[in-house]
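Presented below is the structure to which this report refers.
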Amino acid sequence: MQGRASGVQVTQASSAPGGTSIIRIRGGNSVKSTNEPLYVVDGFITDNGKDISPSDIEDIQILKDASATAIYGSEGANGVVLISTKRGKSGKASVELESYYGTQRIKNRPDLMNATDYKAIANAKAIEQGNPPEYTAEDLESSTNTDWFSLATRNATVQSHNLNISGGNEDTRISISGNYFGQVGALKKTDFDRYSGRFNIDQKVGKRFKAGANIYAARSFSQFKTYDGNIVPSNVLYGIMFTSPAIAPYNADGTYARRNGKDNPLAWLLEPTNDRYNNRMTANIFGDLQILDELTLHISGGTEFSATKEGTYLPTTLVSGEKVQGQASVNELNSTRNLMETYLTYKKVFNEIHSFTALAGFSYQFDQNERHYTQVQKFTTDKYLYNNLDGAAERIKAITDKQEAIMYSYFGRLNYALKDKYLATFTIRQDVSSKFSSKNRIGYYPSGSLAWRVSDEDFMKDNKIFSNLKVRMGYGGTGNDRVNNYVYMSTFGPTGVSLSEESDLYGGVVGTRLPNPNLKWESNYQFDAGVDMGFLNDRLSVTADYYRKTTKNLLLDIPIEQIYGFNSQLINGGSLQNQGIELSINSRNVENDNMTWNTTLNIAYNKQKAINLNDRPYIISQTANPDGAVPAADFTKLAVGRELSELYGYVYDGVIKTGEVYAAQPLSKPGDPKYKDLNGDGAITADDRKVLGNAYPHYVLGFNNSFTYKGLELGIFFQGAFGSDLYNMNRLLLETYTGTDALQRWTPQNNNTDVPRNGYFTSKYGGYINSRFVENASYVKLKNLSIGYNIPTSKIGFLKGISTAKIYFNAQDLFTITKYTGSDPEVNSNNSDTDPNSTNLRAGLDFNAYPAYRSFTLGLKLNF
């Protein structure tokens, strides 16, 4: 999807094997809720649409405007992605086999100092601060020079093997497929495997009834790590990037070396066990009964079940594991969705010019989620990992949780066409959701659209410009109920209670959330106007759209007085607006018997602003602290009239030079960081901060060219994003500690530099969230280069039993044009499927993210 559809921004949030992506359709609409679109696979609404095997996909449609999405009511506010999987076709049975294998190589390795330089700078800093040298004379003579990044990474591999069998007759059509996908991580011990299978059947029974079924099952395994913006040892990239190269990875006896009683990062990467297993099954059946020639009844029902097990073990080979004699946990997450839908469709043409299609229906959705978590410690052996919890001597934590939600809906749609030139669509949907209190459970979502096929008018028949011209506009409402269950209720959790200073702790409960029975879902209202144009007998087609959408009843956390026992409460308040322009151009440049050349270009612009924040001027969010010696700092700011995730901090102005007196920083010494006094009050204070950039791009671009010449095929796809920024926290720490940029730090002999003498954490002024590390993250990538050759099987004897054979080569992320100095301009360390607030308000951070890589694959596709 990335770069293929206008107005759709797809960001690879994590490059880790099995990692997720962030998808935004026409910008983000919410602060506290997810901004991910709704996925519908073969008519079944699922939260796992991004996990589908690409080999199963027959077609993808993206619904963006309110007229199209309103039929999905309270689930359609963020757009809808409709995925159709491959189905059997009448005729001779066919077998399709496709396999590819490739390598993945890290793109941009950090420039790290060697041990000699690192020790020299560390000692110099210590002496400048009046402390003894960090490294002794014996340490300085040591030949140890560890490249932690090289030890932790490798050239990875990726492979996929897919088999599809399909066929049938006019009454019965079947498609069966199986897929294996495996990826060896570029970071060691981060592998991913998935096995999946799909079965689709369509059956006609008599002349008026047809039925079908779709069954999908998958099992995956991954070795997961933490890659977000924190500095705990389990976040392995932090240690790999910023640990001293003067530490050896192993002792002489082969055990992991330690320094100052702490484990080295290679031990933290390789020793803990972090396994995740997921089993998923989706099954739905449907039937269509043609009651009358004009009237059809559709009934469908299905279930989706997902079972995830996460098993972790902290062994005694690590310091923290040794202290507790081994620690294990098992986290089991089970989710079930039952979905039923039925509707009537009436189609009728009157007087050969009036065409009506009316639809009315009902749907029911039931979701259930369960969690069982157990954590124990004190084992006699590391041998059994997390598979023998009862062998532990001490239980630390046990959590069980069960949640349920129900939504039922009534919906209707009317399509009318006059002479197939004047088109109108009207939709209404009513949703009832258990996620809100009884007085706010019902939501109504109407929409309407009009279109005019101008090119079909008599006055356009002799025009020499347009082969197709259609104008359209629409307006409608959708909603967003994808919030946590029971958010309007008081909730409670366990706590320990002491009756006196001498007594033991007794089990008790404590409130975890204030009630708010007035909560209701967010509502999104969108206006869309567009034009579709065709030229040169539709060899050139252009589509342009303008949209403006406003989210009302925005869910926000507001601060409250401590007398209530909580810091904040969730309310409906405020509104957010997105507006933009989309342009798509498709051109069939060359078409003849030997050669074709097709070009697709799409460009989209989106501008977002907060209209109201419940009378608050702004909302500040913090980033995790980059160093154990400093606290978290204000990082992003959402203000009225501004956008989500705007980066917020001080303006860096170099270093204090020798002999320089800077009145705004009277206590600074030469070599200290210098910040601009923006308000002119003669002092560097928090009031001197400003918006330094924005995390989400204003423009997204996709440009694709495909060529064929006889049996050869060539595809060149560029993708880009413009107008966004990233806070490069990796660069902050590399410049302060382990990167070669630290060699440029200020000294009395190196006065002409912008690198401070001792980083940004000891200064009495300003802060580490500053403009020096906010970088322009605009980019253009050669996202995919593909070369294929269709082998003439009829001319090669041993291939005569094969109808088609194709060999191909793909290169992904071949090169990037960008000013960004980090690993990849698409990165977003603050991404979370479970915490939308982090993704929406704290985006734009590059810190400890999984290394980005290029992929080179060679594949073979056969049809029998």
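What you see below is based on every heavy atom in this structure, not just the backbone, and it leaves out hydrogens, waters and symmetry mates.
- Using a 4.0 Å cut-off between charged nitrogen and carboxylate oxygen, Lys32 and Glu522 do not count as a salt-bridge pair.
- Looking at heavy atoms from C-beta onward, Arg482 lies in side-chain contact with Ser33 at the 4.5 angstrom threshold.
- Counted by atom type alone, Arg371 and Asn334 present zero donor-acceptor pairs between their side chains at under 3.5 Å.
- Under the salt bridge (Lys or Arg N to Asp or Glu O under 4.0 Å) criterion, Arg154 pairs with Asp191, sequence neighbours left out.
- Between the side chain of Lys189 and the backbone N or O of Leu270, at least one donor-acceptor pair lies under 3.5 Å.
- Taking a 6.0 Å sphere around OH of Tyr384, one finds it holds 12 or fewer heavy atoms contributed by other residues, nucleotides or ligands.
- The side-chain heavy atoms of Leu556 and Leu570, taken from C-beta on, include no pair separated by under 4.5 Å.
- For the pair Ser829 (side chain) and Phe847 (backbone), a donor-acceptor distance under 3.5 Å is present.
- Proximity of Arg441 to Lys435: side-chain heavy atoms (C-beta onward) are nowhere separated by under 4.5 Å.
- The closest side-chain heavy-atom distance from Ser621 to Arg842 is below 4.5 Å.
- Looking only at distances, no side-chain donor or acceptor of Arg198 sits under 3.5 Å from a matching main-chain atom of Thr85.
- Judged by distance alone, the side chain of Lys89 and the main-chain N or O of Arg173 form no donor-acceptor pair under 3.5 Å.
- Although no hydrogens or angles enter the test, the distance criterion places a donor-acceptor pair under 3.5 Å between the side chain of Thr342 and the main chain of His298.
- Not a single donor-acceptor pair under 3.5 Å links the side chain of Ser409 to the backbone N or O of Asp431.
- Arg87 places a side-chain heavy atom less than 4.5 Å from the side chain of Asp202.
- In this structure Thr374 satisfies the side chain to side chain contact (heavy atoms under 4.5 Å, CB included) test together with Val376, Leu389, sequence neighbours excluded.
- By the 4.5 Å heavy-atom criterion applied to side chains, Asn840 and Ser645 are not counted as neighbours.
- Under the 4.5 Å side-chain criterion, counting only non-hydrogen atoms from C-beta, Asn164 is not in contact with Val95.
- Although no hydrogens or angles enter the test, the distance criterion places a donor-acceptor pair under 3.5 Å between the side chain of Asn35 and the main chain of Asn29.
- The side-chain heavy atoms of Thr34 and Thr839, taken from C-beta on, include no pair separated by under 4.5 Å.
- Remark: Arg276 engages Glu310 in a salt bridge (Lys or Arg N to Asp or Glu O under 4.0 Å) (not counting sequence neighbours).
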